[in-house]
Amino acid sequence: MVASNPSGSAPSSFDPWEPILAAIVLGLERALTTLGVLATADAVREGLDVEGGPEGDIAFPVHRWAARAKQRPEEFAAQIASAVPASPDVGSVSAKGAYVNFTVEPSVLVSATLEGAIGLGTRWGTRPDTGGEASVEHTSANPTGPLHIGRVRNSIIGDTFARILRAAGTKVTTQYYVDDMGRQAAQITWIWAKPRSEWPDTVRAAVEGLEVPGEKPDQYRGRPYPAVSAYLKDHPEARAEVAGVLGAVERGSPPPEHRPLAQSVLDGMLVSLARLGIRFDEFVWESDFVKDGSVARVLDSLRRAPHAVREENGAWAIDTSGYGLPKDSNRVVVERSDGTSLYVTRDIAFHLQKFGRFARVIDVLGADHLLHARTLEALLAEVGEARRPEFVLYAYIHAPEGGKMSTRAGTAVYLDDLLEEAVARARKEVLQRREDLGAADVERIAEAVGTGAIRYHVIRVAPDKPVVFRWEDALSFEGRSGPFLQYSYARASSVLRKAERDAGPYPFDAARLTDREELALVRVLSRFPRTVAYAARTAHVHAVAGYAHDVADQFNRFYHAVPVIRSGAERESRIALVAATRQTLGNALDLLGVPRLDSM
RNA sequence: GGGCGCGUAGCCUAGCUUGGAUAGGGCACCGGGUUCCUAACCCGGCGGUCGAGGGUUCAAAUCCCUCCGCGCCCGCCA
């Protein structure tokens with residue numbers, strides 16, 4: 001039989017397990033009814049263990065049903081097993097202990113999975129447009145210097161989640177909230193607006209000799225920051241100048257250099273993110289909410305909010321005692337005594353704008369912003385907004401020597417340094433293995449391997465797990481790593497290339513794929529749609545990383561266990577299996593932002 | 001002090017949302033595998049009181065309570 005595109009009968013939300021599960025649920029429903037126990041399809045479905053157990057693909061623990069039938073579980077399981085009517089989708093039904101185990105008819109799963117993967121191509125594992133629109137705000141790092149790897153966890157989680165949501169049928173707009181109103185941004189403007197001759201000696205000394213022609217503007221502009229910060233500590237007159245810049249920004253009339261400086265630093269940061277495949281649909285400037293009057297409108301409604309309080313010095317606050325915020329004070333100041341706004345206030349304006357445009361508003365935030373998130377929710381309630389953002393929180397990456405990554409303390413590990421190191425190491429590996437390649441190909445592969453290693457290293461761990469950065473782990477190209485996935489993808493590509501079957505079609509005979517490792521591979525592949533849906537629903541982006549490793553792992557076992565090109569009657573079917581693997585692994589790599597490589 | 005999160009072999013980690021049979025991987029270590037489709041690979045071995053205690057349940061890594069350790073936060077900063 002020839003692989004056909006099943007999208008005609010079932011739209012691209014295609015899960016090979018659905019018909020099988022439906023048959024099992026129906027069988028169990030009938031069996032239970034026969035045995036005198038009332039069962040709804042939903043209740044049966046709920047009790048099904050779709051990950052299976054040691055005895056089959058799908059397991060059904062019968063304890064609660066046995067209790068209802070007043071039977072011993074072991075006996076009841078046996079009764080159910082013999083009462084389940086035969087179905088072509090289900091291979092075997094058996095009872096073991098208190099469990100009824102179902103084993104699928106392999107050819108059914110093989111056909112459905114290969115047809116899904118090959119027929120749907122890049123749409124395999126995805127769902128059609130569900131009509132939902134979401135904003136995913138991520139990164140949003142202050143444009144004051146190069147990104148460090150702790151910050152990049154935000155970017156990688158956010159970008160990956162955006163990709164997964166798109167695969168799940170949601171229209172996503174990624175947003176970078178550019179904070180040009182912070183003290184650090186004011187410090188950048190303060191120092192760079194002066195001619196170099198007027199810089200404090202300590203600051204000039206700190207940058208001298210480090211500047212290299214052609215370096216990225218975030219590196220160039222951000223370099224004085226630690227020295228500036230130290231200088232300001234004991235120079236009150238300079239502090240007053242910075243405060244002047246900040247005040248002008250807050251009043252909506254920043255110095256002319258302010259925005260261009262922030263923009264140039266941002267441009268430098270974006271160059272590095274682009275190497276990781278991270279780009280943004282929109283940039284939203286915090287100061288614009290002051291300029292366009294929306295912050296003033298927010299302040300207006302906050303002053304009339306149910307729990308608004310006027311402080312003695314004229315500042316406005318919200319009494320948050322009814323919201324149970326975990327803070328010592330039960331007040332949140334929303335307007336300073338000088339009439340200017342604060343970060344939370346502006347964030348309200350931003351969120352009101354988001355709610356006006358998107359059905360779902362998703363914010364990727366470091367765990368240190370949890371209180372901010374709770375405060376935001378309280379203040380949204382105060383201004384009469386019923387909707388709330390969804391927060392994806394992640395724990396920080398700690399410096400190799402422990403503690404927070406800090407630019408000022410010099411403990412930060414910068415993305416640019418990590419990129420350089422990873423790509424250099426990848427280059428070395430490529431050169432060792434491939435004497436046949438030209439310089440351009442070596443470089444292309446090294447870049448893909450180095451950046452892929454970084455993305456995978458960060459995304460493989462659950463977001464709420466605190467991580468200590470270790471160079472040797474981040475630069476690992478073996479085992480559970482990005483390059484291992486890329487290598488497996490390249491290996492699958494290589495097989496297809498050598499078989500001169502790069503493009504398909506991929507006809508197969510499901511009955512020819514009976515080897516243990518072949519069927520194990522099909523089972524892994526068949527889980528792809530379920531995995532994508534799970535990751536989209538729970539924001540457990542790392543589930544896709546674990547899944548991709550499972551695919552690569554089982555593919556390599558298969559590869560070593562059975563020949564493909566040199567096989568006989570199974571050849572066509574095995575080629576199709578390799579093609580399905582390549583498609584699945586490729587789609588998973590796309591979701592992770594790890595570059596595909598056809599050879600390495 | 002309060003709130004939130006984390007704790008799974010020497011190290012890293014999955015599973016916890018929705019309780020289910022023998023807790024999956026990776027690194028390191030030990031022993032094997034390349035005249036054969038890419039050895040960034042594969043096979044075998046070693047290694048676990050799932051932080052501790054209690055509770056719920058036929059059944060707990062998973063749910064509840066207490067405690068311990070670690071992290072983050074508690075500003076008219078962002």
Side-chain angles (χ1 to χ4, degrees), chain A residues 46-47 49 51 53-55 59-64 66-67 72-73 96-99 101 140 142 179 181-185 286 311 313-317 324-329 331-338 340-344 346-347 366-372 374 393 395-396 398 403-404 426 429-430 432-434 449 453 460-462 464-468 470 472-473 476-488 490-499 534 537-538 540 542-543 545-546 549-550 552-553 556-557 559-561 563-567 574 578 599-600:
Chain A
E46 190 96 342
D49 183 354
E51 298 300 329
E55 305 289 331
F60 186 65
V62 305
H63 308 86
R64 76 187 82 228
R72 287 187 40 229
K96 169 112 184 214
Y99 299 83
N101 295 294
S140 301
N142 295 357
D179 176 10
M181 297 191 66
R183 180 159 287 129
Q184 270 191 57
E286 185 173 347
E311 307 278 359
N313 60 12
W316 283 92
L325 297 182
K327 62 203 293 274
D328 296 336
S329 140
R331 293 201 171 171
V332 173
V333 175
V334 293
E335 180 182 324
R336 293 195 186 93
S337 48
D338 66 2
T340 58
S341 63
L342 287 109
Y343 175 69
V344 250
R346 293 169 225 134
D347 213 12
D368 55 339
H369 280 60
L370 180 67
L371 178 58
H372 171 72
R374 296 284 159 262
L393 295 167
Y396 257 53
H398 292 94
K404 278 183 90 167
E429 296 289 329
V430 178
Q432 253 171 35
R433 290 155 217 263
R434 300 287 301 272
V449 169
R460 61 198 270 261
V461 184
D464 41 14
K465 210 98 161 176
V467 169
V468 176
R470 307 243 185 259
E472 63 271 28
D473 293 345
S476 164
F477 294 169
E478 288 164 15
R480 200 153 138 52
S481 73
F484 171 58
L485 306 184
Q486 293 171 310
Y487 179 77
S488 306
R491 174 173 262 177
S493 299
S494 169
V495 170
L496 297 177
R497 198 162 50 236
K498 291 248 164 79
Y534 168 82
R537 181 168 54 84
T538 59
H540 288 186
H542 60 294
H549 178 262
D550 288 349
D553 194 31
N556 284 304
R557 273 185 210 144
Y559 177 89
H560 284 282
V564 176
I565 299 173
R566 299 187 320 276
S567 57
R574 286 185 179 158
V578 173
S599 85
M600 64 187 273

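Note that the coordinates shown come from a computational prediction; the quantities given were computed from them, not determined experimentally. Below, each value reflects all heavy atoms present in this structure, side chains not excepted, and no hydrogens, waters or symmetry copies.
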Using a cut-off of 4.0 Å on non-hydrogen atoms, how would the nucleic acid contact of N101(A) be classed: base, sugar-phosphate, or nothing?
base

For C73(B) and K404(A) - does any side-chain N or O of the residue sit under 4.0 Å from the phosphate oxygens OP1/OP2?
yes

I'd like to know if N556(A) reaches the base of A39(B) with its side chain such that a donor and an acceptor end up less than 3.5 angstrom apart.
no

So does N313(A) reach the base of C76(B) with its side chain, donor to acceptor, closer than 3.5 Å?
yes

What's A59(A) touching, base or sugar-phosphate or nothing? Going by heavy atoms closer than 4.0 Å.
base

Angle between ring planes, H369(A) versus H372(A), binned at 30° and 60°: parallel, tilted or perpendicular?
perpendicular

Whole-angstrom distance between G31(B) and C36(B), as gauged at atom C1':
24 Å

Look at the side chain of H63(A) and the base of G20(B), then say whether one donor and one acceptor between them are separated by less than 3.5 Å.
yes

Distance, rounded to the nearest Å, where E478(A) contributes CD and U13(B) contributes P
19 Å

Within the modelled atom types, does a donor on one side and an acceptor on the other bring the side chain of D550(A) and the base of G24(B) under 3.5 Å apart?
no

Donor-acceptor check, side chain of R346(A) to backbone of S341(A), threshold 3.5 angstrom: yes or no?
yes

Looking only at side-chain N and O atoms, does K465(A) come under 4.0 Å of OP1 or OP2 in G71(B)?
no

Under 4.0 Å between a side-chain N/O of H542(A) and OP1 or OP2 of G15(B), yes or no?
yes

Over 60° means perpendicular and under 30° means parallel, so tell me whether H549(A) and F484(A) are parallel, tilted or perpendicular.
tilted

To the nearest angstrom, how far is M181(A) atom CE from C76(B) atom P?
17 Å

pi-stack flag for Y99(A) and A21(B), centroid dist under 5.5 Å, interplanar under 30°
yes

